[in-house]
There are 2 protein chains.
Amino acid sequence: MKPMIPSETAATAVAEPASGREDVSLHDEILTRLRDHIVEGNIPDGGRVPERQLCEMLGISRTPLREALKVLASEGLVELLPNRGARVRQLSAQDLGELFDIMGGLEGLAGRLACENITDTEIAEIERLHYEMYGFYLHRDMHGYFRVNQLIHQKIVEASRNAALQSTYANLAGRLRRVRYSANFARKRERWGEAMREHETILDALRRRAGSELSDILFVHLRNKRTAAVEHLKVVEPAASEPA
Amino acid sequence: MKPMIPSETAATAVAEPASGREDVSLHDEILTRLRDHIVEGNIPDGGRVPERQLCEMLGISRTPLREALKVLASEGLVELLPNRGARVRQLSAQDLGELFDIMGGLEGLAGRLACENITDTEIAEIERLHYEMYGFYLHRDMHGYFRVNQLIHQKIVEASRNAALQSTYANLAGRLRRVRYSANFARKRERWGEAMREHETILDALRRRAGSELSDILFVHLRNKRTAAVEHLKVVEPAASEPA
DNA sequence: CCACGCATTTTTGCATTCAATTTCTTTGGT
DNA sequence: ACCAAAGAAATTGAATGCAAAAATGCGTGG
């Protein structure tokens, strides 16, 4: 059976790049799709990544898929076992803590740089998001809160005007997002109010463009997130070593 | 001509993995060797990466080489032009500045974490290196100074006890190292004394395990390095857009 | 003399193929 | 009935083949 049948199998799977930017190579397309597939938790923690099956799903041969897998391995999303293929990487509580720490460092940096570069318009936009988030907080809408929360952090990183920082941040955020998807990640209620208060100080420091101060606040903010997340993971997966 | 001739061409190129750890796959071997090849500046800035030639040099087929290239592209060392192969990535002054900023953020983070985790023995080791470096400074031995300098920063990152941070740091450091190799990077004399004084304060903060303070010092230290480096690059390559 | 167009050569991207290793299944022994 | 070993099937890692795109060389016309 030929894997390239543009009319049916492949067409639905590959999806037309027509409307978006079309200068992206097939490799990038595959890489993005496979990464999303894994980040969204379609493959269980520690589960094998079935090459053949994915090839059919994506309508491609193994060569570009394997290239994508190597990249995802270098990104830390999967691990490559010699002669035994790829497995989606299972994050231990320690791994999770490490990632949150780096996120804290990078967000702290982003905040510091943002204070040097951010425009009044951008601050106004973040203010708007902040109060929108506050609304979600008051209405106890956790889903909406999270969405806007991530958006705010995203905006701060963007305001850093540092493309390399943004891509590094995106990579780590992806790994964490996968954990969020697989272990359903509900933040504790008592932590919520605290986080909201921290965001007040974040906005305040940003308004005053107090870079060093904002850096510290963001780091501590992430450090607190970290504690909550690690605690949660320990509860969800107490012995997360080798479930095989 | 068959590319796999273990007796002559390949044997000298591939080098025996016998003595070292032998659980590394061929892919990792190729990846490391190709990365080193590029980081060490064997291919000029913006130059094409000749697949066929490298395949012969490494004694492999194109498949694993191309896999390695995709990974190096995701690491930011090369860029992949659709249908036009890989080129080693030319860093603009802005790129360089961005990288130094992230290094500053990560080192600041590393310093903060190191203060939470570092042992007295490790501090003593860094003290030793510091004074060794001071000796090189007094003797105006720039080469030795740089070597020990990098070692000190390395030790701080290691003391953070954060593997993910270390690998991210290593990636960025590799990109910068390439710049150091290609543009021959001599630090200005007047900056040297300043850097040495900054290192005094770094050591002091580390001794006191003053995490937040060390974080700021390291960031500013890198920020100053950044300024010097960007200035230098602007002098060396004033119009570094497209030399082709 | 230089610019442009066309054919040739090279290079790239991906599919396919093949050997080697692993994993599954079945068979035989206790 | 259970475990071990041998064989079969599947999976992986890497080489090779092939079509399409780009780079190169060459001839022609201005």
Side-chain angles (χ1 to χ4, degrees), chain A residues 1-11 13-14 17 22-34 43 46-74 78-88 242 244, chain B residues 1-7 9-11 13-14 17 22-34 43 46-74 78-88 242-244:
Chain A
M1 185 220 238
K2 287 180 183 174
M4 275 305 291
I5 308 171
S7 52
E8 300 229 346
T9 325
V14 167
E22 45 199 317
D23 61 329
V24 290
S25 62
L26 174 60
H27 169 257
D28 280 334
E29 174 76 14
I30 296 298
L31 182 58
T32 303
R33 281 166 57 83
L34 186 54
I43 302 176
R48 325 175 42 144
V49 181
E51 286 189 10
R52 179 161 295 280
Q53 187 178 323
L54 282 173
C55 286
E56 290 175 12
M57 181 181 115
L58 297 168
I60 55 168
S61 80
R62 282 176 56 223
T63 308
L65 184 89
R66 298 181 96 267
E67 288 173 353
L69 281 175
K70 309 280 186 191
V71 173
L72 293 183
S74 93
V78 306
E79 50 191 353
L80 265 34
L81 283 57
N83 288 322
R84 300 181 63 203
R87 294 179 133 71
V88 322
E242 285 294 311
Chain B
M1 184 218 238
K2 288 180 183 176
M4 276 303 292
I5 307 170
S7 51
T9 326
V14 168
E22 45 197 318
D23 61 328
V24 290
S25 62
L26 173 59
H27 170 256
D28 280 335
E29 173 77 14
I30 297 298
L31 182 58
T32 302
R33 282 167 55 82
L34 186 55
I43 300 176
R48 327 175 39 144
V49 181
E51 286 188 10
R52 184 159 294 279
Q53 187 177 322
L54 282 173
C55 285
E56 290 175 12
M57 182 180 115
L58 297 167
I60 56 167
S61 78
R62 281 175 56 220
T63 307
L65 184 88
R66 297 181 98 269
E67 289 173 353
L69 282 175
K70 309 281 186 192
V71 173
L72 293 182
S74 92
V78 305
E79 50 191 352
L80 263 35
L81 282 56
N83 289 321
R84 299 180 66 202
R87 295 179 132 71
V88 321
E242 284 295 312

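First the proteins, then the strands, lettered A, B, ... as listed; each starts at 1. All values below were derived from every heavy atom in this structure, side-chain atoms included, with hydrogens, water molecules and symmetry-related copies excluded.
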Can B/R87 and B/V78 be said to form a side chain to side chain contact (heavy atoms under 4.5 Å, CB included), step by step? CA-CA 5 Å; B/R87 295 179 132 71; B/V78 305; over 6 Å; no

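Rounded to an integer number of Å, the gap from CG of A/L81 to P of C/dT21 is 17 Å. Distance A/R52 CZ to C/dT17 C1': 12 Å, rounded to the nearest Å. The interatomic distance linking A/I60 (CD1) with D/dA19 (P) rounds to 20 Å, in whole Å. Rounding to whole angstrom units, CD of residue A/E29 and C1' of C/dG13 are separated by 15 Å.
For the side chain to side chain donor-acceptor pair (under 3.5 Å) test, no residue two or more places apart in sequence or in another chain qualifies with A/R84. Judged as a salt bridge (charged side-chain N to carboxylate O under 4.0 Å, His left out), and not counting sequence neighbours, the contacts of B/R62 are B/E51. The side chain to side chain donor-acceptor pair (under 3.5 Å) search around B/S74 returns A/S74, not counting sequence neighbours. Under the salt bridge (charged side-chain N to carboxylate O under 4.0 Å, His left out) criterion, B/E79 pairs with no residue, sequence neighbours left out.
Between B/K70 and A/K70, every side-chain heavy-atom pair lies at or beyond the 4.5 Å cut-off. When side chains are defined from C-beta on, B/H27 does not count as touching B/I30, because their heavy atoms never get closer than 4.5 Å.
Between B/L34 atom CG and B/L58 atom CG the span is 7.0 Å, to the nearest 0.5 Å. In this structure, CZ in B/R52 is found 10.5 Å from OG in B/S61, a value given to the nearest 0.5 Å. Atom CG in B/D28 sits 8.0 Å away from atom CG in A/L80 (nearest 0.5 Å).
Nucleic acid contact class of B/I30 (heavy atoms, under 4.0 Å, all strands): none.
Interface remark: the A/T63 side chain does form a donor-acceptor pair with the C/dA15 base, using a distance-only criterion of under 3.5 Å.
When the nucleotides D/dG17, D/dA15, D/dG13 are ranked by their closest atom to the side chain of B/R62, D/dG17 comes out on top.
Near DNA chain D, meaning a heavy atom under 4.0 Å away, the residues from residues 64-74 of chain A are A/R66.
Across every non-hydrogen atom of A/A68 and A/L31, the tightest pair is O-CD1, 3.7 Å.
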Please tabulate the protein-to-nucleotide N/O contacts below 3.5 Å involving nucleotides 5-10 of chain C, giving atom names and distances.
none

Mind listing the N/O atom pairs, protein and nucleotides 20-24 of chain D, below 3.5 Å?
residue : atom : partner : partner atom : Å
D/dA23  : OP1  : B/R84   : NE           : 2.7
D/dA23  : OP1  : B/R84   : NH2          : 3.0

